[in-house]
Visitor: 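Shown below is the structure under consideration.
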Amino acid sequence: MVAFPNWYCRPPMTPPPSELPERYDPAATEARWQSAWDAAGAFHAEPVARDGEPARVPDAPKAYVLEMLPYPSGEIHMGHVKNYTMGDVVAHHRRRTGHVVFHPMGYDAFGLPAENAAIRTGEAPAEVTARNIASIRSQLRRLGFSIDWDTEISTADPGYYRWTQWIFLRFLERGLVERREAAVNWCPRDQTVLANEQVVDGLCERCKSPVELRQLPQWFLRITDYAQALLDDMDLLDDWPERVLTMQRNWIGRSVGARVEFRVADDEATVVPVFTTRPDTLHGATFFLLAPEHPLVPRLVAGAPEHDAVMEYVGTAARTAVADRSSADRPKTGVFTGRHVINPATGDRIPVWVADYVLMDYGTGAVMAVPAHDERDFAFARAHDLPVRRVIAADDTPPDAPLDEAWTGPGHLVNSGPLDGMSVDEAKEAICADLAARGEGEATVGYRLRDWLISRQRYWGAPIPVVNCAGCGVVPVPDDQLPVLLPHVEDYAPQGQSPLAAAEEWVATQCPTCGGPARRETDTMDTFVDSSWYFLRYTAPHFTGGPFDREIADYWLPVDQYIGGVEHAILHLLYARFFTKVLHDLGLVGTREPFARLFTQGMIHHQGAKMSKSRGNVVPPDAIIQRFGADTLRLYILFMGPAADDAEWSDSGVEGQRRFLDRVWRLVRALPGDRAPARPAPSDVRDDPAAEALVRKAEATVDKVSQDIGERFSFHTAISAIQELVNHATRDMSEGALSSPAGEMAAWHAARTTVSLLFPFAPHIASELWEAMGGERLWQEPWPEPDPAFLVAQSETIVVQVNGKLRDRADVAPGLPDDELVAIAMSLPKVQAALGGAEPVRRIVVPGKLVNLVVSAK
RNA sequence: GGGGACGUGGCGGAACGGCAGACGCGGCGGACUCAAACUCCGCUCUGGGCAACCAGGUGUGGGUUCGACUCCCACCGUCCCCA
């Protein structure tokens, strides 16, 4: 079905193309269209949940197009431009292909930078943030994105964090919140706790100070309860990059093994569990290791001669960066506790050491050391002269062959009593069955994923909505008392505890249960909590009846296209998936996955490095908009290369895109006549080769651009295709090849097609030119469909190869039978020369493409 | 150490097993101009040739195939994730 828009039949309502200004003036054009779209409510999205209005859900295909929300630092950077331009192109395309489009914007507004500014200047973080949001909003608006600004949200708005707190309470009710003493990553500079994910190479992700470990009571979300679901549901994410799924899989780190219980010698009531992936080697466990933070350590050495040495070692470990501790080639340090545990398989007493390469974070913080079959345990045994017992031998190795290094390869069991001769897999099964029968362990699955530590001793976050009552313990703040608003404080700097603790009149409150005196929780939540559900809040931005309305959320969710930086491949995307699953299990939302399709974009580099203030290589988007216009910037940022790849900024590259827009402007301005002739049909251009060729080019371009935007996410090739069309039309017109009536039809059609296809990339100039050509409301103009009559080639260029080598080409009528194509190929002089009189033994024919004549059999 | 991605002109890149280098940048030459800017036209992978053309060419080496930038294996290099 070919769309024939009524555009062609309408008289021009505005001055014709010839009266366009000679020069394209982006500033005027962009200001004009941004106001026009606002006035028309062009990008207003429905439905969203509103107070007092029943949900009404349209019966139309929807497209929820979402880009990761920005942190409002006050300045947008090129990464934002790329991210939001990509989303905008998709949104425009979906809108014009019959979808109800939802394309909202918001701000991830809590967090450290505003708070640090507040600490420096004393200005309230809320004020700093409000100013930054205003600034970033105006910069985003200057880029002309098709965003519904009525649905704008800020996670630091009490109307938003009220519901973050409400969701926290639902997690609490469901047993997914835990408060416990834990060895936590402590940043001595920021004076706060960090999530594991915020520790990179042993350094604070933000301030790069070395991270220390401390024992503190903290709040956790039990994401580990969903470890398996997060793995299983990856099957639903077939439109996610494989790379991201792999990273998440590694992060969750499922491993099959066993939990084994060791009893403390001379204190058999005390049981220390370990997790091991090699239960088959249990007979080879010749010593036992505890992490320095393990709670059992002080008890084991209490009153013993080893006490002081052990506790000194523990103290040193606490000041050592985690990455250093676990590094494979670092000398294996440790200290003997003087105590022993019983190996449940052999009954042997084996010595217990404290070693800093054992991390409290992994497994249970205790390790059964099997030096014969684990590299690090082997190194430890060598360093401290501990026994090594081989329990696995390759088939050609004698059971007592000495080991120069740990043997981690395959083999059968030796020196393992009843297990001798078994394969590794058989032994695993046998050991697990035996342990389970004796109640000393079981086969189990371990995950690398840790529970999510969400408490922060910082001011600028959502307060954790609980009170601590001497009588009742931890008591949730009732829903009708939400939000728990951030109190006013004088000093925003953390001093080992949350700055909120200084607001005494806020902290001192009443217990909601018993009415007695109670104290508010002063920790705030990790900002990743805020951004784990914002895509739901967009569907109900001002709703006060709940975080969102299920019916409306179910209409929009899951997000059809999510776009953002690959740096969020693990944390944000995993947390958002976790939240969605919990909300689903609470019956609050229908989908189990928030994002159906994900696209991760590459970064913009400049002068060979990532743009950053400290390097001084930042190109501010505003400066480019001022010089060249927003349309040029949008076009260039997508033209730079494949959207998924990193790309190098080039000033002259920007100029090239501006030249292209100038060329489009001149093309439209030079169109003959005042109004569009009818859309050319095949019969109109049949006798005019130039006209026909141009119309064909236009139709082929529609086809290519539609695929590139709609299916391939290949924006740079879409833009190239439009440039080819413009070059073709410009050349023809300047050569006077389109002066016939058919030629004029073709010229108008090419110009109209160009502008229509250009619109998602450069919406302002496209709208301006569209109007000059007599059209209006390009944002809702149906997306062009190629006329199939022009896509069928009227002649085909056939490539002729001899032995796979290109020898010549031939223009032939389409649809010729194979033998005729071969005959034509054989008749070509160059082909005959290449054949040298030989008769082909094989003739490969690919219809419409090529003929390959194979002369000599190999 | 394990896993993954990538390697094509001077540069960004195109080619979804079938014409390598589209499109853009940069460069060279020309037209317009008193001159410049803008714009327009031509050339721009390498070697040979005045040319039409011929030969070679997608990190290296092998393989699969009538045919490989594309698929497979190994190596070299770059980047990312996990240790």
Side-chain angles (χ1 to χ4, degrees), chain A residues 22-24 197 200-201 241-253 322-323 325-329 357 359 362 375-376 408 448-449 565-567 569-570 600 602-605 608 610 635-636 638-660 662-663 665-666 670 701 704 707-708 711-712 714-728 730-731 733-735 796-810 829-830 833-834 840-858:
Chain A
E22 192 177 336
R23 285 184 64 89
Y24 159 50
E197 294 80 356
V200 177
D201 295 332
E242 196 49 51
R243 190 161 71 114
V244 172
L245 294 176
T246 303
M247 281 161 68
Q248 292 212 351
R249 224 172 261 123
N250 290 343
W251 190 259
I252 295 168
V322 170
R325 284 175 46 177
S326 56
S327 163
D329 33 284
Y357 76 89
L359 302 179
Y362 294 94
E375 285 167 27
R376 295 196 303 180
T408 56
R448 207 192 71 97
L449 183 69
V566 74
E567 66 273 18
I570 297 175
T600 50
M603 279 186 305
I604 309 293
H605 289 204
K610 182 178 163 176
L635 203 58
Y636 175 64
L638 294 189
F639 184 72
M640 289 173 81
D645 293 1
D646 291 351
E648 173 72 20
W649 179 267
S650 147
D651 282 339
S652 48
V654 184
E655 290 170 34
Q657 295 311 303
R658 173 54 196 271
R659 278 200 284 272
F660 166 61
D662 287 338
R663 218 153 61 231
W665 185 273
R666 285 195 302 269
T701 305
K704 168 131 182 83
Q707 280 179 34
D708 282 354
E711 295 153 38
R712 296 210 316 154
S714 182
F715 303 117
H716 65 309
T717 54
I719 295 166
S720 302
I722 300 171
Q723 291 177 342
E724 284 186 55
L725 174 59
V726 170
N727 290 349
H728 187 138
T730 301
R731 192 171 304 125
M733 279 175 72
S734 68
E735 286 168 1
E796 290 169 339
T797 302
I798 298 292
V799 169
V800 182
Q801 299 176 331
V802 176
N803 285 342
K805 228 168 156 40
L806 174 72
R807 290 300 170 184
D808 206 355
R809 297 158 235 251
K830 286 182 193 168
V841 294
R842 256 185 100 169
R843 302 168 178 84
I844 313 286
V845 179
V846 182
K849 282 202 172 138
L850 91 161
V851 174
N852 186 13
L853 304 171
V854 184
V855 179
S856 55
K858 285 202 174 174

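It should be emphasised that the depicted structure is a prediction, and the values quoted were computed from it without experimental measurement. Chain letters run A, B, ... following the sequence lines, proteins first, then strands; residues in each count from 1. What you see below is based on every heavy atom in this structure, not just the backbone, and it leaves out hydrogens, waters and symmetry mates.
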Visitor: Under the 3.5 Å rule, do the base of B:G4 and the side chain of A:E242 count as making a donor-acceptor pair?
Guide: no
Visitor: Between the base of B:C66 and the side chain of A:N852, is one N or O donor paired with an acceptor at under 3.5 angstrom?
Guide: yes
Visitor: Are a donor atom and an acceptor atom from the side chains of A:T717 and A:S720 found within less than 3.5 Å of each other?
Guide: no
Visitor: Just checking, any donor-acceptor pair under 3.5 angstrom between side chains of A:R842 and A:N852?
Guide: no
Visitor: Using only side-chain N and O atoms of A:H716, determine if any of them is under 4.0 Å from OP1 or OP2 of B:G24.
Guide: no
Visitor: OP1, OP2 of B:G56 versus side-chain N and O of A:K805: anything below 4.0 Å?
Guide: yes
Visitor: May I ask you to say what A:Q657 touches in the nucleic acid, namely base, sugar-phosphate or nothing, with a heavy-atom cut-off under 4.0 Å?
Guide: sugar-phosphate
Visitor: Can you measure from CZ (A:R663) to CZ (A:R658) and round to the nearest 0.5 angstrom?
Guide: 12.5 Å
Visitor: So, is A:R666 near the phosphate of B:C40, with a side-chain N or O under 4.0 Å from OP1 or OP2?
Guide: yes
Visitor: In this structure, how many angstroms lie between the P atom of B:G18 and the CD1 atom of A:I844, rounded?
Guide: 14 Å
Visitor: Using a 4.5 Å cut-off on heavy atoms from C-beta on, say whether the side chain of A:Q801 contacts that of A:I844.
Guide: no
Visitor: Rounded to whole angstrom, note down the P distance from B:C75 over to B:G3.
Guide: 12 Å
Visitor: If you measure from the P atom in B:G67 to the same atom in B:G57, how many Å do you get, rounded?
Guide: 16 Å
Visitor: Tell me the closest heavy-atom pair linking A:R376 and A:Y357, and the distance in Å.
Guide: O-OH, 3.7 Å
Visitor: Contact class for A:R807 vs. all strands (heavy atom < 4.0 Å): base, sugar-phosphate, or nothing?
Guide: sugar-phosphate
Visitor: I want to know whether A:W649 and A:Y636 have ring centres closer than 6.0 Å.
Guide: yes
Visitor: Is there a side-chain polar atom (N or O) of A:R243 under 4.0 Å from OP1 or OP2 of B:G4?
Guide: no
Visitor: Expressed in angstrom and rounded to an integer, what is the separation of A:N250 atom CG from B:G1 atom C1'?
Guide: 14 Å
Visitor: Give A:N727 one of three labels, base, sugar-phosphate or nothing, depending on what nucleic acid heavy atoms sit under 4.0 Å from its own.
Guide: sugar-phosphate
Visitor: Show me the dot-bracket string of RNA chain B, counting Watson-Crick or G-U pairs under 3.5 Å, with | for pairs to another strand and [ ] for crossing ones.
Guide: (((((((..(((.....[....)))((((((.......))))))((((....))))..(((((..]....)))))))))))).
Visitor: Could you tell me whether a side-chain N or O of A:D708 sits under 3.5 Å from a main-chain N or O of A:F715, the two making a donor and an acceptor?
Guide: no
Visitor: Nearest-Å distance, CE (A:M247) to C1' (B:C80)?
Guide: 7 Å
Visitor: Just call it for A:E724: base, sugar-phosphate, or nothing, with non-hydrogen atoms closer than 4.0 Å on any strand.
Guide: sugar-phosphate
Visitor: With a 4.0 Å limit, can you tell me whether A:R663 has a side-chain N or O closer than that to the phosphate oxygens OP1/OP2 of B:G24?
Guide: yes
Visitor: For B:G26, take OP1 and OP2 only and decide whether either is under 4.0 Å from a side-chain N or O of A:R659.
Guide: yes
